[in-house]
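To find a chain, count down the sequence lines: A is the first, B the second, and so on, and within it residues start at 1.
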Amino acid sequence: MRHKPADTARQFAALSRRSTLAIFRQPAIIAPSLIFPLFFAALGSSSFSRAISLPGFPQVDSYLQFTLAGTVTQGVLFGSVTGAAALATDIEEGFFDRLLAAPTSRTSILFGRLAGSSVFGGLQALIFLLALLPFGVTVQAGVLGYVSIVLAGFLTAFGVGALMSVVALKTGSAEAVQGTFPILFILLFLSSAFFPRETMSGAYRRIADFNPISYMVEGQRSLSIDGASLTAMTQTLVIPTGIAVLTTMLALRQLSVRLAAR
Amino acid sequence: MTTTRSVGILATRSVRTIRRLPSAFFPALAMPIFNMVVFAGTFFAITQIPNFPTDRSINWYMPLGIMMGAAFGGVGLGFTTIRDIETGFYDRLRMSPTSRLSLILGPLTGTLIRVLLMTTLVIVIGIVLGARFTGGLLGVLCLYISALGIATTGAGWGLGLAFKFKDMRGAAIMQLSIFLVMFLSSAQVPLEVMSGWLHTVARINPATNILRLARVGLVNESSADYLSWNAIWGGLVAVVVMSVLCLGFALRNLQKLSD
């Protein structure tokens, strides 16, 4: 069935609104992805306050300033599972089938779900930036830096949400989506989210060197510590965009496979 | 049936699940190894901070991995008990002619055997990755005692909450409380290195003493904690007091469950 662009846009807006509201109506689900990154930031600021003078650490006033980018990325990664888990729940409960039975654009079903978690990702980034502001943690790149980090939160949540949607569409199980959570945890730890790559060694350092999350975090960190630069902006925005494009293609492909199997 | 026999049967049941359901035991083994590797790898340079008690990050974070694994292994008994309560199996156990004490000591023994296995595996992998016991066999013994102690504490706490809540609400409290107790201690860095609010909290947190005991045989010989009686007795007292309090909490709630 062909859909007029205006209809598709209307359907996308309605489904996006539904998924966004659904996230904010379940505070118990979103609270951990807001509380835990801030807890770890507070923990790190007390634990690693003396580590900032180690060789390899950038010039920062506090560990909190260093860890801002890691906190944002950690929260967004953990929160982005919510949208895909909701998509799997839609499949489990039959709502997905009812949407397919209705004259709804197929891509709107997927993008509508991802919109909710993406908006939440951007909001999370903003909350972390504002929550750390009273502790002297600022973004040296100014308004451009704040906007870029919030946008990076949006894009990262979209990209990771799309990746998780592949699992949701393949398995149709919210439990399976939640089960992939440790992979995000591992990816985050095997990056420079909490300590600079320059302080790591051996195989661990090489893994962090290959991990795109390292570069994404370092872009945001550079905006926060050094100010605006083309490299920092590219790392902050282009890497999550690239991830989002790649994972969206995978998710659309998995959606086609699921539709073809019906 | 005597208490000893009941304890043996219930412990065997707990250990048998390792063979029957290895997929359930796997995360309990993987998590401490993962924690050890990522903490030691990420915070590799932390040992360069002046007065850090060891020059190998793996020596500092191997005990953390084991303690986290042991603590969560302990509270895992609470999860199993909640499932047994929900399926009605626990009612059948309570109606059997066994002492209330054996309903706690039996599964606890099974849990401690699992923790022993986990601790041994993590130590072997830790040594392969570069960990060295500067304190020799006494250091190894202290690490095992700490692991078993924190597992007993976790198990008592988990069982007490399982008997109190009788459903998965208890599981969330178990996980969160153990997580907070473990991290609000000298888990990541020694007391001398930390600052601010965490130093104040960690100083009065008994988990700090248990971690000190776990690390006495892994720190440098020049460190004040190296096989020091001060660190050992502080850890032993913390292990005994926490275990007694948490097992008492479990027994009290089991009795209330029976009432």
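- Contact detail for A/Arg50 and B/Glu192: the closest heavy-atom pair is NH1-O, 3.0 Å.
- Contact record, A/Ser47 with B/Gln188: OG-NE2, 3.6 Å, taken as the closest heavy-atom pair.
- For A/Asp61, the CG atom counts as loosely surrounded, since its 6.0 Å shell holds 12 or fewer non-hydrogen atoms of other residues, nucleotides or ligands.
- In this structure, chain A has no heavy atom under 4.5 Å from any part of B/Leu191.
- A tilted orientation is assigned to the rings of A/Phe39 and B/Phe179, their planes being inclined by 30° to 60°.
- Around the CZ atom of B/Arg132, the shell of radius 6.0 Å holds more than 12 heavy atoms that belong to other residues, nucleotides or ligands.
- Here the side chains of B/Phe183 and A/Phe40 are in contact, with some heavy-atom distance below 4.5 Å.
- With contacts defined as side-chain heavy-atom distances shorter than 4.5 Å, the pair A/Phe48/B/Val193 does not qualify.
- Of the listed residues (A/Ala42, A/Ser191, A/Ala193), the one with the most heavy-atom contacts under 4.5 Å to chain B is A/Ala42.
- Atom CZ of A/Phe24 has more than 12 heavy atoms from other residues, nucleotides or ligands within 6.0 Å.
- Heavy-atom minimum distance, A/Pro55 versus B/Gln48: CD-OE1, 3.7 Å.
- Of all heavy-atom pairs between B/Thr42 and A/Thr199, the closest is O-OG1, 4.5 Å.
- Ranking A/Leu190, A/Ile186, A/Ile207 against chain B, the residue ahead of the rest is A/Ile186, based on heavy-atom pairs under 4.5 Å.
- Contact check for B/Val38 versus A/Phe185: no side-chain heavy atoms found under the 4.5 Å cut-off.
- Looking at A/Leu54, the atoms closer than 4.5 Å to chain B (heavy atoms on both sides) all sit in the side chain, from C-beta outward.
- Other residues, nucleotides and ligands place no more than 12 heavy atoms under 6.0 Å from the CZ atom of B/Phe26.
- Here the OG atom belonging to A/Ser53 is positioned 7.0 Å from the CD1 atom belonging to B/Ile49, to the nearest 0.5 angstrom.
- Distance check: B/Phe39 CZ to A/Phe189 CZ gives 4.5 Å after rounding to the nearest 0.5 Å.
- No side-chain donor from either of B/Ser195 and A/Ser46 sits under 3.5 Å from a side-chain acceptor of the other.
- With a 4.5 angstrom heavy-atom cutoff, B/Pro190 does not touch chain A via any of its atoms.
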